[in-house]
Amino acid sequence: MFEMLGNWSFGNYFKQEAIQWSYEFLVTTLHLNPDRLYATVFEGDAKENVPKDEESFQLWSALLPASHILTGNKKDNFWEMGDTGPCGPCTEIHYDMRTDAERLITNGATLVNKDHPQVIEIWNNVFIQFNRLANGSLEPLPAKHVDTGMGLERLVRAIQGKSSNYDTDLFTPIIAEVERLTGIEYGKDEKTDIACRVLADHIRSIVFTIADGQLPSNTGAGYVIRRILRRAVRYAYSYLHYKEPILHNLVPILVMQFDELYPELTEQQAFITKVIWQEESSFLRTLESGLRKFGQIEDQLKTSGKTDIDGQSAFELYDTFGFPIDLTRLIAAEKGLTINETGFAQAMQEQKDRARQAAKIDTGDWVTVSASALAGEFVGYDTLQTVTQMVKYRQITQKGKTQYQIVLETTPFYAESGGQVGDKGFLYFGDDKIEVLDTKKENNLIVHFTNALPPDVTVPCHAVVNELLRHNTTLNHTATHLLHAALRQKLGTHVVQKGSLVNPDYLRFDFSHFAKVTDEELRAIEEQVNDKIRQNIRLQEMRNIPIKEAMNMGAMALFGEKYGDYVRVIVFDPDYSIELCGGTHVDATGKIGLCKITAETSIAAGVRRIEAITGSAAYQMVAQEWDQTRHLRHLLNNPKDLAAGIQNLLAENERLRKEIEHLHTEQAVQLKNNLKTKAVTLPNGINFLGEHLTGNLTADMVKKIAYDLKNEMPNLFLVLGATIDDKAHLTLMLADELVQNHQLNAGTLIRTLAKHIQGGGGGQPFYATAGGKHPQGIAAAIEEARLVVSG
RNA sequence: GGGGGAUUAGCUCAGCUGGCUAGAGCAUUAGCUUUGCAAGCUAAGGGUCAUCGGUUCGACUCCGAUAUCCUCCA
């Protein structure tokens, strides 16, 4: 994990400047020794039909001696984003940090890209100049770009002349704190040293990513944080023997280190600490349950006399219980056990293949219909339909389903962004009507998703947005702004947006706040929002104003969100709500009608979620609730206090339930006592009792009678018949002595008896039941039982 | 988005291949013990076994759907 420094150029400058400036920065500004610098350039690849990067080679030749310019293969010196898309050669800058004595013995050029710990790559300049098509061929890009990436830690190490990244002052304060907390001294033992470094390194990634607005989760970027955090906890757990949350204790050091450069850390310190603590704690719980599972696996091995944990079990531990595989290895080794690594790898591969199969998308090349400078211009703020022209389209296939992506010259369709979902609607090409299922942005291009293409893609296109859906979405978006402002007013300015969803049905707003929002606060917030709705505040929309100006107005921007130089500002009362926003809004707040908060929940440590509905949806809900309450009142004969009335009802119901249970028990006891007197002692000493019970009985009552009789009468052979729910029911209960001494088995016996009632049954040797559809046969069944035991 | 797993008393969890009248520890309450406390002993209360449906003579256990949570992969 390292911090990458760099900057992009989109057509502003290319190889000449990038290389020149790289050299200047390292040698003139940072005073690195040019004798120790090496550059690599792409050697070319005949198979791919890409030539050597001669241009970069020439440029470097003006700066470095030939012996310091090396060529590299496709793996090291060619960058690709994926199977298709932009790509190009790159040039790396390496730095030789060995001592002069060592440098005399071995030529540094032979150590570049050889994983030598002291000859390290510090900078990579990628020159994006090709576009790879689906058929594998390359075409030159009209505009060429530069993407530079420099490792901060390695650069600092080169400047400070340290032999390891971890000896630079980026890490030493954190490692010192780990030493203080764990009481383990750094530099004494390779194993604990590695653990200290892992902690120091990972905590930086975690803190910065959370400050950037990411939270640990089970998907996407959030999952990456979760994994990094867990790796750190695992190292502390198994090597530093620290079994409690530790990472959150390191936050203050980082905050101090970066206070000047990143005030965001200071501002969010409490929040970041809480999130980390929560995540650590929950992972430690996961580890605990994993250890339990491990114990079970261990027991099974012991009883079967094996010492090899099969791959499936190891994988289950990892996959289902989240127990890290290297921890399994470690613990297994401690207990003298081994893991079937092949089996584990295989199970892992199967899972990966499954996921890949499910996510596989086949993307075709764009087909250009008409060249247009306007491609994808959004006109949807002002109109919901327009006549335009298709610019290009392509076909994509996922899980056997084919869809099309269409780009128009101008479009009224809003593409999913800023939490607001994409528009739906129709595209009319002459008489052909194509449904737009969704609209998304791709590389700043508005892309319409459809299931079909028109027969003629060149005819003019009449693009029409679904007005009702857009209208409802718009209400929800404006309500979101009003809500955001209300939250900050009522709860405090620590409230920061952490996520937002705006669709036609409802709005969802996630924000940082430490406690549950109380019912009173929620009510106050809702009132505030509705107050602003009734004030019918007019929208002030400013398109394309410089970001500086917007910020001076006090507009709320999201940290971690990228904004262009020019932004759109949405204002509802300059003293109330000013936000940078690309979404669609009502022209006056009164149109929202009503906003009703429907839920307040927690979604992560320190993050709350509010859901709300507006407009007719809100009215419908209120009306329904009203009807329902009226109905309830009516049912209870209009009590003064509805809640109390229901509570009484519930209590009464519970009391009656218990009373019935009690009566059933009593009835059963009585029935049992009556039955006792009807038992006959047979010549062979068996106390036989066979009865056809009548009356209103439940299966549970019969069961209780049988068990009670067994406890009270020795040598009992009990057979009971009953009719329950119009079905015949037989119960057989045998004293333990009979089962043991007379080899009787209730389970097998009842199957014979069940024939009389045309049914089947079974059970244990001393107790069995049977059911059938012929109640008239019960007497015969009891009679047969008597014969069996008399026999 | 695709797998796997979990959901049983207030809490932490047992309950194997359907049938031992749903259990343990902690917590609660009462009694005993103790000068008092900590603790100990004895007993009691507390469960729609997540929800809904199905299979079966019989479902905590098997099957399906739903909900919530955990976890892995992308």
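Convention: sequence-line order gives letters A, B, ...; per-chain numbering from 1. As the structure is a computational prediction, the values presented were derived from the model and not from experiment.
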Task: Paired nucleotide for B:U17 [Watson-Crick or G-U wobble; both distances under 3.5 Å] - done: none
Open item on the list: Among B:U21, B:U71, B:A74, which nucleotide has an atom closest to any side-chain atom of A:Arg230?
Closed with: B:U71
Open item on the list: I want to confirm an ordering. Mapping A:Lys703 and A:Gly771 to their closest nucleotides on RNA chain B, which one lands closer to the 5' end?
Closed with: A:Lys703
Task: Nucleotide B:A6, atom P - distance to CG of A:Asp319 in whole Å - done: 13 Å
TODO: With salt bridge (Lys or Arg N to Asp or Glu O under 4.0 Å) as the test, would you mind laying out the steps for A:Glu298 and A:Lys335 before giving the verdict?
DONE: CA-CA 9 Å; A:Glu298 195 189 347; A:Lys335 308 204 176 206; 3.4 Å; yes
- [ ] Under a 3.5 Å limit for both distances, which nucleotide forms a Watson-Crick or G-U wobble pair with B:A67, could you say?
- [x] B:U7
Open item on the list: Between C1' on B:G5 and CZ on A:Phe321, what's the gap in Å once rounded to a whole number?
Closed with: 6 Å
Open item on the list: Within 45 degrees of the ring normal and closer than 6.0 Å to the centroid, is that where the cationic atom of A:Lys243 sits relative to A:Tyr237?
Closed with: yes
Open item on the list: Any side-chain N or O of A:Thr286 below 4.0 angstrom from OP1/OP2 of B:U71?
Closed with: yes
Open item on the list: Is a donor from one side chain sitting under 3.5 angstrom from an acceptor on the other, for A:His448 and A:Gln405?
Closed with: no
TODO: Determine whether any donor atom in the side chain of A:Glu316 lies under 3.5 Å from an acceptor atom in the base of B:G5, or the reverse, and answer yes or no.
DONE: no
TODO: Might you confirm whether atom CD of A:Gln670 has over 12 heavy atoms from other residues, nucleotides or ligands at distances under 6.0 Å?
DONE: no
Task: Touch class at under 4.0 angstrom, heavy-atom based, for A:Asn711 against every strand present - done: base
Open item on the list: Classify A:Gly763 by what it touches in the nucleic acid, base, sugar-phosphate, or nothing, heavy-atom distance under 4.0 Å.
Closed with: base
Open item on the list: Any strand counts, and the cut-off is 3.5 Å on both contacts for Watson-Crick or G-U wobble. Which nucleotide pairs with B:G58?
Closed with: none
TODO: Take the protein atom CD of A:Glu279 and the nucleotide atom P of B:C70, then report the distance between them rounded to whole Å.
DONE: 9 Å
Task: B:C72 OP1/OP2 closer than 4.0 Å to side-chain N/O of A:Arg227 - done: no
Open item on the list: Does B:C11 have OP1 or OP2 under 4.0 Å away from a side-chain N or O of A:Arg285?
Closed with: no
Open item on the list: What's the gap between B:C72 and B:G46 when it is taken at their P atoms, as a whole Å value?
Closed with: 41 Å
- [ ] Tell me the partner of B:G36, counting only Watson-Crick (N1-N3 plus N6-O4 or O6-N4) or G-U wobble (N1-O2 and O6-N3) with both under 3.5 Å; none if nothing fits.
- [x] none
- [ ] Just call it for A:Gly761: base, sugar-phosphate, or nothing, with non-hydrogen atoms closer than 4.0 Å on any strand.
- [x] base
Task: Between B:A6 (P) and A:Leu317 (CG): distance, integer Å - done: 14 Å
Open item on the list: Let me spell it out: for each of A:Tyr767 and A:Arg354, pick the nucleotide of RNA chain B with the closest heavy atom. Which residue's pick is nearer the 5' end?
Closed with: A:Arg354
Task: Atom-to-atom span, CG of A:Leu229 to P of B:U71 - whole angstrom - done: 11 Å
Open item on the list: If only side-chain N and O atoms count, and only distance matters, is there a donor-acceptor pair under 3.5 Å linking A:Asp423 with A:Thr439?
Closed with: no
Task: 4.5 Å side-chain heavy-atom contact, A:Arg234 and A:Val198 - done: no
Task: Nucleotide B:G19, atom C1' - distance to CG of A:Leu732 in whole Å - done: 13 Å
- [ ] Determine the interatomic distance between P on B:U71 and the same-named atom on B:C62; round to the nearest Å.
- [x] 24 Å
Open item on the list: Take a 6.0 Å sphere around CG of A:Asp726 and say whether it holds more than 12 heavy atoms from other residues, nucleotides or ligands.
Closed with: no
- [ ] Provide the distance between the two P atoms, one in B:A44 and one in B:U7, to the nearest whole Å.
- [x] 28 Å
Task: For B:U12, the Watson-Crick or wobble counterpart (both distances under 3.5 Å) - done: B:A24
- [ ] Among B:G19, B:C72, B:A74, find the nucleotide with the atom closest to the side chain of A:Gln764.
- [x] B:G19
Open item on the list: I want to verify a distance call: between B:G1, B:C57, B:G3, whose nearest atom is closest to the A:His729 side chain?
Closed with: B:C57
Task: Mate of B:G47 where both pairing distances stay under 3.5 Å, Watson-Crick or G-U - done: none
TODO: Determine the Euclidean distance between corresponding C1' atoms of B:G54 and B:A59; express it in Å to zero decimal places.
DONE: 11 Å
Open item on the list: Within the 4.0 Å heavy-atom criterion, would you say A:Asp708 contacts the bases, only the backbone, or no part of the nucleic acid?
Closed with: base
- [ ] Under 4.0 Å between any heavy atoms, over every strand shown, what does A:Tyr707 touch: base, sugar-phosphate, or nothing? Just pick one.
- [x] base
Open item on the list: Of the listed nucleotides (B:G5, B:U21, B:C57), which one gets closest to any side-chain atom of A:Thr769?
Closed with: B:C57
Task: Whole angstrom value for the distance that separates C1' of B:G47 from CG of A:Asp700 - done: 15 Å
- [ ] Answer with yes or no after comparing the ring centroid distance for A:Tyr318 and A:Phe323 against a 6.0 Å cut-off, counting only values under it.
- [x] no
Task: Separation between the C1' atoms of B:U55 and B:G15, rounded to whole Å - done: 22 Å
TODO: Quickly work out the A:Phe315 CZ to B:G5 C1' distance and round it to whole Å.
DONE: 12 Å
- [ ] Could you give the distance separating B:C13 and B:A50 at their P atoms, to the nearest angstrom?
- [x] 15 Å
